[in-house]
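Here is the structure we will look at, set down as structure tokens.
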Amino acid sequence: MATMTKVTLKRKIAPRIANGHPWVFANEVQTIQGEVNPGDIVTVETHDAKYVGTGYINPQSQILVRILSRDRNEVINEAFFHKRIAKAWEYRQKIGYTENCRLIFGEADYMPALIIDKFNDYFVIQTLALGMDKWKAAMVDALNQIFKPKGIYERNDVPVRELEGLPQIKGFLSAPFNPQIVIQENGLKFHVDIENGQKTGYFLDQQDNRRQIRHIVKDADVLEAFCYTGTFSLHAGHYGAKSVLGLDISENAVAQARKNAGLNGLEEICKFEAVNAFDALKAWSKDGRQYDVVMLDPPAFTKSRENIQKAITGYKEINLRGLKLVKPGGFLVTASCTNLVPPDLFLEIIGMAAKDARRNLRQVTFRAQSSDHPIIWGMENTEYLKFLIVQVL
Ligand code: SAH
């Protein structure tokens with residue numbers, strides 16, 4: 001093998017990366033020795049020639065190198081990816097996941113820019129950086145060997161790929177199959193459209209949180225905004241709600257939610273409407289409508305730190321409107337899915353909304369994403385989802 005290209009870090013940068021952060025930005029590099037072929041494996045060293053890690057390089061990306069291994073003797077080849085996927089699956093099983101889980105959660109599995117969702121016998125892959133994309137065939141081989149899946153699908157129709165010089169694409173990575181699959185979760189069934197659904201088709205990151213509403217929805221009139229395919233609404237129906245109304249702006253999502261209600265025999269209890277939740281919640285609180293439980297799981301509102309104020313305003317507004325619709329003694333279930341709003345800021349926003357609504361809150365639970373999306377301490381962007389239940393007094 002030819003000698004590997006060597007990337008030497010600036011003196012000040014080395015500690016962050018040596019302490020476990022996997023990203024090396026272009027302006028953090030002092031020198032590069034050897035050829036730079038986009039996507040190649042390189043060695044990263046400190047300014048005084050101490051080994052830091054082995055990773056993949058892409059000069060077109062703002063993140064020049066992403067580190068894959070901290071073991072100088074580890075060779076990055078097909079067997080490496082097989083071993084990493086097997087290990088990630090072992091961990092998920094260890095903490096109790098059997099059918100559905102995020103099998104690979106990028107950086108949290110030391111596989112930067114790789115997402116693999118397991119929907120029982122079906123797998124959905126996203127390779128979001130060039131250096132990972134190059135190993136797609138190795139991932140597919142590993143999945144075939146470890147799981148003997150019924151199908152593998154690529155959802156690389158994601159804009160961030162363009163920052164890496166990669167095209168947006170989607171399609172089968174196995175023999176073609178019907179991409180409208182059905183999964184089971186907490187005793188319910190859900191249609192998942194892995195070809196045209198949002199992200200990988202289904203939000204596995206709320207799978208543990210959906211069980212948290214079990215007791216508070218019993219005999220309740222429930223309103224859910226941002227319901228997507230009705231996952232929380234149907235859990236509410238399943239756990240004994242009297243009535244459930246789910247809202248989403250996407251006609252497709254609402255159609256799928258109605259199908260999911262039918263699949264679970266809950267079409268009498270759970271109704272869905274395609275509307276803008278901001279408008280509906282505003283109008284209904286003016287009309288004096290009241291619910292026992294209001295659930296909110298809005299989108300990120302912003303993707304960049306510069307627009308963080310936009311996200312804060314959005315979260316505050318929707319939670320204020322939601323709070324006004326809760327009967328005294330009822331419950332607000334509220335979430336935020338962007339790592340740009342850290343947990344303490346999220347709580348602060350809900351606090352401001354409660355103050356404006358002149359309501360007091362009693363906290364029932366405050367959680368993060370489900371455990372199949374591990375949080376690595378020190379790697380901020382692995383902690384992204386906030387999930388809060390409060391009693392609204
Ligand atoms: N709770 C869902 C995920 C919600 S994702 C689950 O666990 O499966 C956020 C949803 O908000 C998306 O389905 C999107 O279509 C919807 N959405 C975005 N803006 C909206 C708006 N203004 N009004 C209603 N829904 C909206």
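Start at 1 and go down the list; that is how both ligands and their atoms are numbered.
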Check ligand 1 for close polar pairs with the protein: N or O on both sides, less than 3.5 Å.
{"residue": "ligand 1", "atom": "1 (N)", "partner": "Asp297", "partner atom": "OD2", "Å": "2.7"}
{"residue": "ligand 1", "atom": "7 (O)", "partner": "Arg210", "partner atom": "NH2", "Å": "2.8"}
{"residue": "ligand 1", "atom": "7 (O)", "partner": "Thr231", "partner atom": "OG1", "Å": "3.2"}
{"residue": "ligand 1", "atom": "8 (O)", "partner": "Arg210", "partner atom": "NH2", "Å": "3.4"}
{"residue": "ligand 1", "atom": "8 (O)", "partner": "Thr231", "partner atom": "OG1", "Å": "3.0"}
{"residue": "ligand 1", "atom": "13 (O)", "partner": "Gln198", "partner atom": "NE2", "Å": "3.0"}
{"residue": "ligand 1", "atom": "13 (O)", "partner": "Asp248", "partner atom": "OD1", "Å": "3.4"}
{"residue": "ligand 1", "atom": "13 (O)", "partner": "Asp248", "partner atom": "OD2", "Å": "2.7"}
{"residue": "ligand 1", "atom": "15 (O)", "partner": "Gln198", "partner atom": "NE2", "Å": "3.2"}
{"residue": "ligand 1", "atom": "15 (O)", "partner": "Asp248", "partner atom": "OD1", "Å": "2.7"}
{"residue": "ligand 1", "atom": "22 (N)", "partner": "Asn276", "partner atom": "OD1", "Å": "3.1"}
{"residue": "ligand 1", "atom": "23 (N)", "partner": "Ala277", "partner atom": "N", "Å": "2.8"}
{"residue": "ligand 1", "atom": "25 (N)", "partner": "Ile249", "partner atom": "N", "Å": "3.1"}

For the ring pair Phe147 and Trp89, is the centre-to-centre distance below 6.0 Å?
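Centroid distance Phe147-Trp89: below 6.0 Å, so yes.
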Does His21 have any ring-ring contact (aromatic ring centres under 6.0 Å, His included) partners at least two apart in sequence or in another chain, and if so, which?
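For His21, the residues satisfying ring-ring contact (aromatic ring centres under 6.0 Å, His included) (neighbours in sequence not counted) are Trp23.
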Under the ring-ring contact (aromatic ring centres under 6.0 Å, His included) test, which residues partner Phe177, sequence neighbours left out?
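So Phe177 forms a ring-ring contact (aromatic ring centres under 6.0 Å, His included) with Tyr122, Phe172.
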Would Asp133 and Lys136 pass as an ion pair if we require N to O under 4.0 Å?
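A salt bridge is present here (some side-chain N lies under 4.0 Å from a carboxylate O).
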Listed by chain and number, what are the salt bridge (charged side-chain N to carboxylate O under 4.0 Å, His left out) partners of Glu383, not counting sequence neighbours?
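For Glu383 there are no salt bridge (charged side-chain N to carboxylate O under 4.0 Å, His left out) partners, ignoring immediate neighbours.
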Ile213 side chain reached by Val293 side chain, heavy atoms, under 4.5 Å:
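Not in contact.
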